[in-house]
Structure formats: structure tokens, C-alpha cells
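Working notes, structure below.
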Protein chains: 2
Amino acid sequence: MRSSRDACLPLLAEVFREHGYDGASLSVMSAATGLTNGSLYHFFPGGKDEMLGAVLESIGTWFESSVFVPLRSVPAGDRAAAEQALQEMARSVSDYFRSGKRVCLGGVISLSFHNDRFATAVSQYFTSWIDALAHTLTAYGSADPTGQARMIVATVQGAIVLARAFDDPEVFDSALALAIPGAVK
Amino acid sequence: MRSSRDACLPLLAEVFREHGYDGASLSVMSAATGLTNGSLYHFFPGGKDEMLGAVLESIGTWFESSVFVPLRSVPAGDRAAAEQALQEMARSVSDYFRSGKRVCLGGVISLSFHNDRFATAVSQYFTSWIDALAHTLTAYGSADPTGQARMIVATVQGAIVLARAFDDPEVFDSALALAIPGAVK
DNA sequence: GTCTATAGAGTGATAGAC
DNA sequence: GTCTATCACTCTATAGAC
């Protein structure tokens, strides 16, 4: 049984998002999860590295089923289905990142000093997103699906930065609307 | 005389960029600047907060003269001058951020827990950039200069994330080329 | 203006009781 | 599986010699 371990992953994820790797101290994690230092090390003997690794994996799993699978499920050449999938992605992404109030952990880690240690998890996360999105954009009729997919994912990351800098969720949502073809303006 | 204080600002900036606020310990700063703990506190009695504040100010000054002023200097309606200024910005920005290898401190801080404490400096940095860029885009003939300026600045931030995630500078430069009108492809 | 020494709190991690 | 207690270390910040 690993229900307690699994249950604390979203809480640990939030701590890593809010505080980054270095700011995510065990005392903060303890407070966030209600587990003590000892219990956390029971679940994650590898310490903070293993905690962040498990968190990244659980985030990847969520995106896989909630965002990537729908994008990949668009039938080839079905422009209407593609447009619908793009709108759906815009909505899930805006919800997940709370219109830019919530940070993307993959983005935070890629900007951080500890980038290298989690490089495979982070690059796989972005690669899966871009590939799935490129599939949908191909069905949509994009001339450069991969390039456009990269631009959209980059825009999401940059829009989080700006929305937080200006403390204005509207900045996030309007950037998304501009970047994603077929998204509701 | 404050030459020693000023001289260490770029070194401290690099430390904050590489390690973030929490990872930027005084021992790392000491090693990077060649100054001891005591000397750093002599220059910045307010501690890390004052150090980061001074660093953000010095970065803002550099961008002001090197990036924002050229953008604002484009004469109204001069499309050729605007295109040239956009190309120049693309080049300076790619150089400054080393094709995405080097992180944007404003972006890092805006994603971090300590966002609020440096909110004015960071939002002013992005506001100045967007406003100066919107001026150039107006001269270029953009239908939505401010919206496009926001998209370009967001793309720069997102492109840094992706270039680092993929450890591929080409991702940064090609995103810039796609986002900036008139930039060299 | 630069240094050493030090204080006091917090850090990640481990050991072992229950 | 959850806890307390503890270790060795690092952290920010201060005091004071030179």
C-alpha cells in the first residue's frame, strides 16, 4: 500500500512550485503534508532529490492523461476535432496554472541550478507536450506544426512569468488566446 | 567612491541568476566576488535583499540604455528604422541571454516565492521593455503593438525555459526569429 | 574597506523507539 | 508507518580587530 505516499505528492508538488528546490525545506514540506521529517524519509529514502523526482513523475502522469492524450486522439485531417482539442487544451492549461498564478514546475526546474539532475524528466515533459500538440496542429492544417507547437508551449511558460510579474491573470489568458489557433478570444 | 561595490554587482547578478534567491548563499557570493562575508555586508547592510535589489537595479540600467533606448528612438512611422531596431533587439537579447543558456533574473524572481518583495522592480523591468517595444512596433505598422510586444517578451521568457530544458540554443534563436517581425530567420 | 570570529537559527539526513 | 531526538553542517547576520 502506498496511498499515503501518493496522497502527499500533490502537496509536495505545490511546495516545490512555490518555493523552488532550494526553498523547499523539509520543515515546509512537513507543515504542508502533516507528515514528520521521519515519515517523509520513510517514503523517500533518497531525500529531496527523490521527492522532486516522484513529484515530477506524478505531474507528468497527470498531463499525460489530461492534456496529451486528448491532443493525440484527434483524427488525422479532422480540422473541427483539432480546433475543439485546442480549445480544450487552452481551458485545461488555464485551469491548471490558475491563469498564471500557479507556476509550472518544469519551467522552474529548467531555470534552476539543479536543471541537470532532473533534465530527463523535464525535457520529456516538454517533448511530450510539443509532440502531442504538433499532432493536433497537423490535423488543424498548420504549415509548421512542430515550430508552432514549440511557440505555444513557450508562450505558456512566458505568459506565466508575465502574469506573475504584473499580478494580472488576464495577461496569461489573453496571451494564450493569441498563441493558440482556434482558441476563444 | 563605490567602485568595488559596483564592480561586484555583475558577479552577484550571475550568482542570483544561476542559483535563484534561496540558492544564492553568502558563501557562493563570497567565492564569486572574492569578497568576504564582512565586506559584502559592508556594501549591502540590508543583506541578501539589498544585494538582489541593487542587482535588479543595475540590470534595469543596462537594459534601459542597451535595449529600451534604441527601441524608443525609432521615429514614428519609419518602418525601415523599426525593422532595423527589431533586428538589433533580437541580436542584443540573444547575446545577453546567450541563446537561452543564461536565465532572465526578472523571470526567475517573478516565478519565485520572493516575487512580492521585488515586485515593483520586476514589473517595471517588463513594463519598460513592453512599452519601448510597442513604440517600435507602432512605427513598424503593427495592428496591436502592445499585445504583440507582450507576446514577444513572453516568447523570450518561454524560449529561455525551453532552450534550457532541451539544452539547445537553437530553440531559443528560432523562437525569437518566429516571434519578432523582421528578424533574420 | 577588508578581514576573522562567532552567534543563533535552520538545514538535510539518520537512528531507533513504539 | 509514524514518531522524537539528534548529528554535523550551513545559513544569515553581527561584532569588532586592523
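The chains referred to below are lettered A, B, ... by the order of the sequence lines, with proteins before strands, and numbering in each begins at 1.
The nearest whole Å value for the distance from the CG atom in L12(B) to the P atom in dT12(D) is 13 Å. The interatomic distance linking L40(B) (CG) with dT4(C) (P) rounds to 13 Å, in whole Å. Between D22(A) atom CG and dT12(D) atom P there is a gap of 11 Å when expressed in whole angstrom units. The distance between atom NE2 of H114(A) and atom C1' of dG12(C), rounded to the nearest whole Å, is 13 Å. Across the protein-nucleic acid pair, H42(B) atom NE2 and dG1(C) atom P stand 5 Å apart, rounded to whole Å. Note: CG (L35(A)) to P (dT4(D)) measures 12 Å, nearest angstrom. Rounded to whole angstrom, the span from the OH atom of Y21(B) across to the P atom of dC11(D) amounts to 14 Å. Rounded to a whole Å, the CZ atom of F44(A) is 13 Å from the P atom of dG1(D).
Side-chain contact of D22(B) with H114(B): a donor-acceptor pair under 3.5 Å is present, judged by distance alone.
No single ILVMFWY cluster, assembled from side-chain heavy atoms under 4.5 Å apart, contains both V74(A) and I180(A).
Under 4.0 angstrom from either OP1 or OP2 of dC3(C) there lies at least one side-chain N or O belonging to S39(B). Contact annotation: S27(A) side-chain N/O to dT11(C) OP1/OP2 distance is under 4.0 Å. Proximity of S4(B) to the phosphate of dT2(C): a side-chain N or O atom is located under 4.0 Å from OP1 or OP2. In this model, the phosphate group of dC3(D) is approached by a side-chain N or O of T36(A) to a distance below 4.0 Å at OP1 or OP2.
Geometrically, R117(B) engages Y21(B) in a cation-pi contact defined by less than 6.0 Å to the ring centre and at most 45° from the axis. Within the cation-pi definition used here (under 6.0 Å to the ring centroid, within 45° of the axis), R5(B) does not qualify as a partner of F43(B). For R17(A) and F97(A), the positive end is not near the middle of the six-membered ring at less than 6.0 Å and at most 45° from its axis.
Proximity note for L26(A) (side chain, C-beta onward) versus dC3(D), dG1(C), dA13(C): the nearest is dA13(C). You'll find that the side chain of N37(A) is closest to dT14(C), out of dT14(C), dT2(C), dT14(D).
Sorted by residue number, the list of members of residues 46-56 of chain A with any non-hydrogen atom under 4.0 Å from DNA chain D is empty.
Taking the six-membered ring wherever Trp is involved, the centroid distance between the rings of Y96(B) and F63(B) falls below 6.0 Å.
Where P45(A) and V28(A) each meet DNA chain C at their nearest nucleotide, the meeting point lying more 5' is that of V28(A).
Within the 4.0 angstrom heavy-atom criterion, only backbone atoms of the sugar-phosphate kind lie near S25(B); the bases stay farther away.
R102(B) and E18(B) are not joined by a salt bridge, as no carboxylate oxygen comes within less than 4.0 angstrom of a charged side-chain nitrogen.
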